[in-house]
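Structure first, commentary second.
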Amino acid sequence: MSVFKENFLWGGAVAANQCEGAWNEAGKGISASDVCTGGSHKRSKRITRTIEPDTFYPSHEAIDFYHHYKEDIALFAEMGFKVFRFSIAWTRIFPTGMENEPNEAGLEFYDRVIDECLSHNIEPLITISHYEMPFALTEKYNGWSSRECIDLYVRYAKTLFTRYKGKVKYWLTFNEINSGTMPMGNFLSLGILNEGTTEFNNQVDIPQLRFQGLHHQFVASALAVKAGHEIDPDCKIGCMIVQITTYPLTCNPDDILEAQHQNQILNQFCGDVQVRGEYPYFMKRYFKEHNIEVAMEPGDADILKEGCVDYYTFSYYMSNCATTSKNEAQTSGNIMGGAKNPYLEASDWGWQIDPKGLRYTLNELYGRYRIPLMVVENGLGAYDKIEEDGTIQDDYRIDYLRKHIEQMREAVEDGVDLMGYTPWGCIDLVSASTGEMAKRYGFIYVEKYDDGSGDLSRRKKKSFDWYKKVIETNGEVLA
Ligand code: BG6
């Protein structure tokens with residue numbers, strides 16, 4: 001007997017800007033990701049403000065899911081997916097974010113994608129905003145730092161709830177909303193582009209704007225949750241947090257307090273607002289000590305209370321360590337790095353691999369919130385090689401995923417209410433942090449390379465059949 005629920009949602013996850021391509025087709029506008037150049041393992045990508053003629057932009061073609069969606073969804077169905085997490089590109093629906101009427105051709109594309117999923121009995125799980133707000137909103141308002149974005153987002157979200165009512169049961173309002181608590185989230189998550197910023201991974205940071213932007217996103221998310229429930233009482237709307245589980249590097253009480261502080265600000269703050277409907281007590285002191293004054297309008301507190309999410313989702317790739325000592329070796333990580341953990345190995349990109357941290361995290365989260373949880377991103381970004389016989393032997397990926405699923409199993413045995421699991425980049429796609437194709441996550445290989453070359457053909461990796469078996473046995477057979 002499997003420990004996972006009978007209707008456990010096994011599947012995979014992608015985001016529009018990293019897979020769709022077709023960046024200017026059928027009336028689509030320019031999104032934040034469309035002005036980001038390609039980067040590399042060592043070189044940060046750039047934000048160019050305009051589309052430069054001789055510059056390579058990975059999102060413009062990406063893996064061309066826009067024209068390959070049927071073939072791709074059929075492969076997901078072959079693996080037995082119960083759910084497919086994808087995002088809708090805001091700029092396909094409202095090209096500048098400011099139109100009064102939606103772009104019908106954009107909605108029709110997602111009609112087709114959703115119907116294709118449903119024809120294979122795959123539940124769509126849709127992220128409304130995943131690192132791709134209309135770039136026109138950056139130019140006009142400096143992104144979410146302005147309150148105007150709230151109404152524009154809510155109009156967009158209502159358009160989706162109305163159009164896909166009865167077809168889409170699972171929604172997420174913002175991808176990794178808490179990345180806005182970290183400098184990397186300026187442009188990626190908040191569409192904020194401060195003077196002097198061109199380097200994507202090293203942006204000019206004005207914390208006041210970031211936290212104000214986050215407040216606007218909280219209000220927008222809560223209004224969307226409320227509207228979504230009114231439009232379709234059967235739908236479930238969740239939050240999505242980038243989980244940067246942070247351990248104290250040592251048992252020195254200074255390190256313990258430092259780790260607690262980081263967990264509060266980076267991980268718990270946003271979850272608390274979205275699940276409990278109010279700012280947690282510890283933010284008062286943080287704001288005071290960082291000279292941050294978040295402007296709130298009368299009524300905002302009620303809106304937050306009335307728009308609590310139904311379930312909590314998160315991405316989990318790695319864990320970090322915190323210390324007050326200045327001399328410790330550092331390592332990189334998702335959105336942010338930390339002190340190196342001597343007990344863990346890291347991926348080729350320096351992200352520390354920590355399956356047991358997932359069990360720990362699931363218990364921490366369930367203990368805190370007591371609502372259903374879902375792991376909506378997890379996976380290993382790795383270099384893959386096509387062998388002479390055409391196969392891709394990605395045993396390292398199988399090993400990573402297996403160990404994480406084993407720990408999910410432990411967490412379920414511990415009593416955690418876990419709804420599902422959608423590993424990231426179930427098909428190879430463009431990396432969010434570096435713009436590379438070489439950093440591959442998929443069960444399906446796509447012939448597309450960092451310089452933009454490749455015929456876009458798809459082929460199954462060894463992990464494809466492995467994951468198929470995992471789903472078939474509801475997580476029992478992981479060998
Ligand atoms: C998450 C994002 O942070 O991590 C995805 O939601 C992203 O968009 C994923 O792709 C993996 O990160 P990266 O930088 O390896 O693509």
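One-based numbering, in listed order, for ligands and for the atoms of each. Bear in mind that the values here come from a model prediction, so they are computed numbers and not experimental data.
Geometric assessment of R276 against the ring of Y369 yields a negative cation-pi assignment under the 6.0 Å and 45° thresholds. Taking the ring centre of W466 as origin, the terminal cationic atom of K460 falls outside the region bounded by 6.0 Å and 45° from the ring axis.
With sequence neighbours left out, the side chain to side chain donor-acceptor pair (under 3.5 Å) criterion links S44 to N201.
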Please tabulate, line by line, the atom pairs linking an N/O of ligand 1 to a protein N/O at a distance below 3.5 Å, with the distance in Å to 0.1, or answer 'none'.
residue, atom, partner, partner atom, Å
ligand 1, 3 (O), E176, OE1, 2.6
ligand 1, 3 (O), E176, OE2, 2.8
ligand 1, 3 (O), N334, OD1, 3.2
ligand 1, 3 (O), N334, ND2, 3.1
ligand 1, 4 (O), Y317, OH, 3.4
ligand 1, 4 (O), E377, OE1, 3.3
ligand 1, 6 (O), H130, NE2, 3.4
ligand 1, 6 (O), N175, ND2, 3.0
ligand 1, 6 (O), E176, OE1, 3.4
ligand 1, 6 (O), E176, OE2, 3.4
ligand 1, 6 (O), E377, OE1, 3.1
ligand 1, 6 (O), E377, OE2, 2.8
ligand 1, 8 (O), Q18, OE1, 2.8
ligand 1, 8 (O), H130, NE2, 2.9
ligand 1, 10 (O), Q18, NE2, 2.8
ligand 1, 10 (O), W424, NE1, 3.2
ligand 1, 14 (O), S431, OG, 3.3
ligand 1, 14 (O), S433, N, 2.9
ligand 1, 14 (O), S433, OG, 2.5
ligand 1, 15 (O), K439, NZ, 2.7
ligand 1, 15 (O), Y441, OH, 2.5
ligand 1, 16 (O), S431, OG, 3.2
ligand 1, 16 (O), A432, N, 2.7

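Checking side-chain atoms of S431 against main-chain N and O of T434 turns up a donor-acceptor pair under 3.5 Å.
Y153 has its ring centre less than 6.0 Å from the ring centre of W90. The ring of F269 has its center closer than 6.0 angstrom to the ring center of Y279.
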